[in-house]
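Okay, structure first, notes after.
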Amino acid sequence: MIRVEELSKRFNNFTALDGINLHIKSGESFALLGPNGAGKTTLIRILSTLLKPTSGRALLNNIDVTVEPEDAKRQIGVVSHNPYLYDELTALENLEFYAGLYESNPDIPELLKLVNLDSRAHDPVGNFSRGMKQRLSIARAILHDPKILLLDEPTSGLDHKSRNNFYTLVDRLKSRGKTILLTTHYLEEAAGLCENGVILKKGVVTSSVDLKAPQPVLEKIFEDMGR
Amino acid sequence: MIRVEELSKRFNNFTALDGINLHIKSGESFALLGPNGAGKTTLIRILSTLLKPTSGRALLNNIDVTVEPEDAKRQIGVVSHNPYLYDELTALENLEFYAGLYESNPDIPELLKLVNLDSRAHDPVGNFSRGMKQRLSIARAILHDPKILLLDEPTSGLDHKSRNNFYTLVDRLKSRGKTILLTTHYLEEAAGLCENGVILKKGVVTSSVDLKAPQPVLEKIFEDMGR
Amino acid sequence: MKFERKHAQVFLGTLWIVVLAAMYKVLFGLGPLKEELLRYPGDPMRNGYKIFFFSMEAAAVTYIAFTVVLLGSAFYLKTKDMKWDRIASSSARLGLVFTTILLINGAIFSNLAWGAYWNWDPRQTSSLFLWFTLAAYLTLRGAVDGVETRARLSAVLGIFGFVGVPLTHISTTIWLSNHPALYDTAQSTGFSLDRSGLILFMTLMTSFLALYIYLLWLTVKIDSLEEGSQKVFSGEL
Amino acid sequence: MNPLLIYRIVCKDLKSELRGKETINFMFLFSFISLLMFNFAADPFSPALTEVGPGLLWFVFIFTGMLGLSRAFIKEKETGTLEGLLLAPVSTEDILYAKTFYNLLLMLGIQLIAFPLFIVLFNYNIAGSALDAFIVLALGNIAFVVVGSFMSALVMNAKSRELVLQIIVLPLLLPVIILTIISLRKVMIAGVNLLSIGEVKLIVFYVAIMAVLASILFEYIVEE
Amino acid sequence: MNPLLIYRIVCKDLKSELRGKETINFMFLFSFISLLMFNFAADPFSPALTEVGPGLLWFVFIFTGMLGLSRAFIKEKETGTLEGLLLAPVSTEDILYAKTFYNLLLMLGIQLIAFPLFIVLFNYNIAGSALDAFIVLALGNIAFVVVGSFMSALVMNAKSRELVLQIIVLPLLLPVIILTIISLRKVMIAGVNLLSIGEVKLIVFYVAIMAVLASILFEYIVEE
Ligand code: HEM
Ligand SMILES: Nc1ncnc2c1ncn2[C@@H]1O[C@H](COP(=O)(O)OP(=O)(O)OP(=O)(O)O)[C@@H](O)[C@H]1O
Ligand SMILES: Nc1ncnc2c1ncn2[C@@H]1O[C@H](COP(=O)(O)OP(=O)(O)OP(=O)(O)O)[C@@H](O)[C@H]1O
Ligand SMILES: [Mg+2]
Ligand SMILES: [Mg+2]
């Protein structure tokens, strides 16, 4: 469950988020849509405790991210543009290190297989192509089996097949009851993975979107989003 | 015109490109497709003189990139995952600086308007969202009016509208006779912008693709690509 | 393959120590100071002079090793042929060994002549920086991944590194030094060899050089074998 | 505080640092070369050396520290992995402790090599006990690392912060720098016993205050 | 060589430096603090100070330079903007010249402040002309910057870059370091006139050789 109440974030004099309210039920998959600079990443960074909100609050499974950040962190897995990987360490070592931090004991070879990197397990991540890093980053995000997944343009840089693999993976995670918050600039991705969504524009929620609506309707919505 | 002859690139003992041959005519738009780690970025980096090939040669409008790199550089504009922007400088200053390096005199405010950043011209780029940086990077790549555009996943991080704007921009550039080499993981993008393409896999060109083929055929090709 | 290389290195090291010991034995077998062999006015060193034969030879080979690094590096950059990189890097490794010998001999010499193992004589100090230059070269090689990048960057450094040689050579003239010069006109520090001394000197010189060349050949060979084997391995993968 | 997590972060740092196994060699070489440099400042056997010896020795550590410490946080920041750490349920203090501890390991490692080297190279005659001198240096290093690690976390985000903050970094270290030099000279030149040097107590006191302040204030540094 | 492009790159560097002023502030503070430190290292009025003064002064620059200069290339490398420069039709030498020139500006700026500061702080009595001493220092700094800038580009792709840089640069700089100290001592202690110091010519000679080598070899560094 994700609950956001009157959340605002100001950078100096620039208001990136302006009184956001959201309620995402447990097990729901929710899309956060909007043009570049709308504040999507900012919102996700607040939910993942990397940014403190200027005002308002955000709850993850009833845990306030500013009050109990460490408990909140255990609830979430984050995939973003930044893979959060150490270039000097191998794929395996990266996952082992993060598993250690979460004090969890995942089946790492299995995870590597899941993202199709088992053959490169012992290569330093610095030599990976962009898409390979992104895939490893997905493995990193789910190794502690979090209840909530925050996915900020998770498929950026992934090839067609990895994207499809990722969709299957998300479907499987959904069927295991995970709550998912996704940002994407791709209609198919939003429609394929999420049931509901909102459109954010200049830090304000302008409308909510039923992603089960027929394709042409959604296309129209996406077309209009940039205005 | 881009001509690649028996081009190979080895990193230590890893062969990233293995005897590539390509011929892209002037004014043609060409797609370089393939799964993650296929060697697309490596090829583009060689064409943009950032990497030296291990063997073989590459010509841009009959200029050999290894023999006359500086002339070659004037022929090309590069958009890649890395925006090549200085975080401390403003959008305007970044473009001015690069314009100075190319010793060209573009209409910078016009360029900023083109990528929809005129309102943020005086903001330091460090505060930009990912998509905004990518848009500015597009302006940077075309400011010296290059004859050839090398686009390595240029729309990664762009929102729906910017993507469409970008497509329009590319169409306009095509109509002005530019040669375009594009890598992308998105079928619609490849089919929308390019006429021809090849599929690269493990450093080898495995097949060429007629991107004017009907949608289902293309979809099949993309599905099979990951194998 | 790694094992083989280690074995070869141990073998070579042992060989070198044995040869060195034998040479010392021969030289010291010469007995006490023969005035006609070496003239050193007011000789404060008694038998200490003998070590000159080693320090001077080691210095000569060090200079040669530096020259080979310089040439190997330049040819590598010109041709991009890994052979030259192997020659340069092997020569640097050997140079490090010979510079170490020079420093040890120098320290013994320094203790005999000047009363301290480390006297901060410009000759001594600049020789030490020759050692550092080679160490820096090898450090850089260790810090760069990628065979070609490593070869390229270290070649550039190898060329720069050569400045140490002329510096060491002129160090005694530009900076106050106690180090004697061969055939010096100034009587007090003059130091010269007579005919038999010269013969001994030349003999040792030849054997030092031969040893250097042989070791260079061996290390280059080992390196190229190792590289070849790595290629085979990755080919199998 | 979770020692296991701290240990894991330190291990990770050591591992990625030691990937080029040569790093230890680097450190050794580096301290060797910078020590040697000082030979040129004065004639090595002149009495001037006894005078300035302790200062030079300590300077090598400050300099090495400056080079190394600032990287601990800044590198994680620049590669974006700091956010990876912050996303994990590790308390921010533990991250600070791990970095401080790692820095301390590096500094003490260098000290273990550079201190004997200094004595041998310069044929330096320590008036007091060598162990005392070593301890004083170690204390200075601890203080330096505690403050330095914390401050390097502070400058990490310096771009968005006020200029004033950066100007605080080095001056904050000034007391330790000076106190250590004074103590070091007392031990090495005047031969005073460690326990009877007032400045040493001041250093310990300073470290304690700084450590407490740092763990309290650290969470304000990483939040954005 | 295209002076206009060099000028533009230098301007860009200055501009983005002056936005954050991180390097400049850091270098000033570091040089200031090391001067202060040396002040405590010796009793300020002891004769030992006359002896070691020139050496200490020069070290402050060497070490300050070491800390600051390495950033010029490494930062562009780490933020990925170096590739942006390389994509533009700027010859690689011009990039090197620009960075060298920028580093030189920084060093001379610091010298302009630190040199008078040294004289005041230590109440140092220069035997020869202060201007001569300043020129000798500036020459030393030029040599330092020429070699240092080049080498910082060389280590761009290495692991533990900062450490490796020091290890590489110090032995290569040894000739200049010695020659500068000798000349400086001749000016500051013996009061010799600048023009009659042979070592100064040697420094100029050394700089010339290094500069030529650097511009020939630079292209091999940036190619991949
Ligand atoms: C009092 C003790 C020493 C004596 C009598 C001695 C003697 C000599 C002599 C006669 C030469 C030939 C000189 C020339 O060609 O200019 C020479 C060269 C050399 N010695 Fe020594 N040496 C002594 C100590 C040292 C020490 C301590 C070192 C350093 C570790 C050293 C390193 C060298 C080097 C590097 C050369 C070659 C110099 C060149 O010509 O470029 N020597 N030595
Ligand atoms: N540290 C910061 N300082 C100042 N402004 C910032 C900062 N971070 C973000 N902003 C501004 O906040 C706004 C929202 O940025 P954010 O990254 O959340 O956008 P986004 O919706 O994720 O866009 P994109 O789709 O391009 O990723 C942008 O206008 C950006 O310039
Ligand atoms: N500097 C390097 N050292 C070693 N291997 C490298 C280096 N750069 C790239 N590679 C390897 O070369 C292969 C091709 O990489 P490249 O970045 O060209 O792939 P790509 O086709 O662009 O993939 P993506 O779609 O994920 O961007 C990858 O397997 C990668 O690991
Ligand atoms: Mg975003
Ligand atoms: Mg790529």
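All figures in this text were calculated on a predicted structure; none of them were measured in a lab. Quick note on labels: first sequence line is chain A, next is B, and so on, each numbered from 1.
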B:His160 and A:Phe222 aromatic ring geometry - parallel, tilted or perpendicular at 30°/60° bounds: perpendicular
Largest heavy-atom contact set with chain B, pairs under 4.5 Å, which of A:Asn127, A:Thr41, A:Leu158: A:Leu158
Check: A:His185 and B:Lys161 side chains under 4.5 Å, non-hydrogen atoms: no
Region of A:Asn116 that comes under 4.5 Å of a non-hydrogen atom in chain B: neither
Engaged part of B:Asn165 at the chain A interface, taking heavy atoms whose separation is under 4.5 Å: neither
Segment of B:Thr42 engaging chain A (4.5 angstrom heavy-atom cut-off): neither
Side chain / backbone / both / neither for A:Glu219 at chain B, heavy atoms under 4.5 Å: neither
Verdict with supporting geometry, A:Arg130 and B:Asn36, side-chain hydrogen bond (donor to acceptor under 3.5 Å, both in side chains): CA-CA 8 Å; A:Arg130 164 91 190 117; B:Asn36 291 141; over 6 Å; no
Pairs of heavy atoms under 4.5 Å with chain A: top-ranked of B:Gln134, B:Lys40, B:Met132: B:Met132
Closest heavy-atom pair and its distance - B:Gly37, A:Ser129: N-OG, 3.3 Å
Side chain / backbone / both / neither for A:Thr184 at chain B, heavy atoms under 4.5 Å: neither
Selection from B:Gly157, B:Ala38, B:Gly34 maximising heavy-atom pairs under 4.5 Å formed with chain A: B:Gly157
Chain B contact via A:Tyr186 - side chain, backbone, both or neither, heavy atoms under 4.5 Å: both
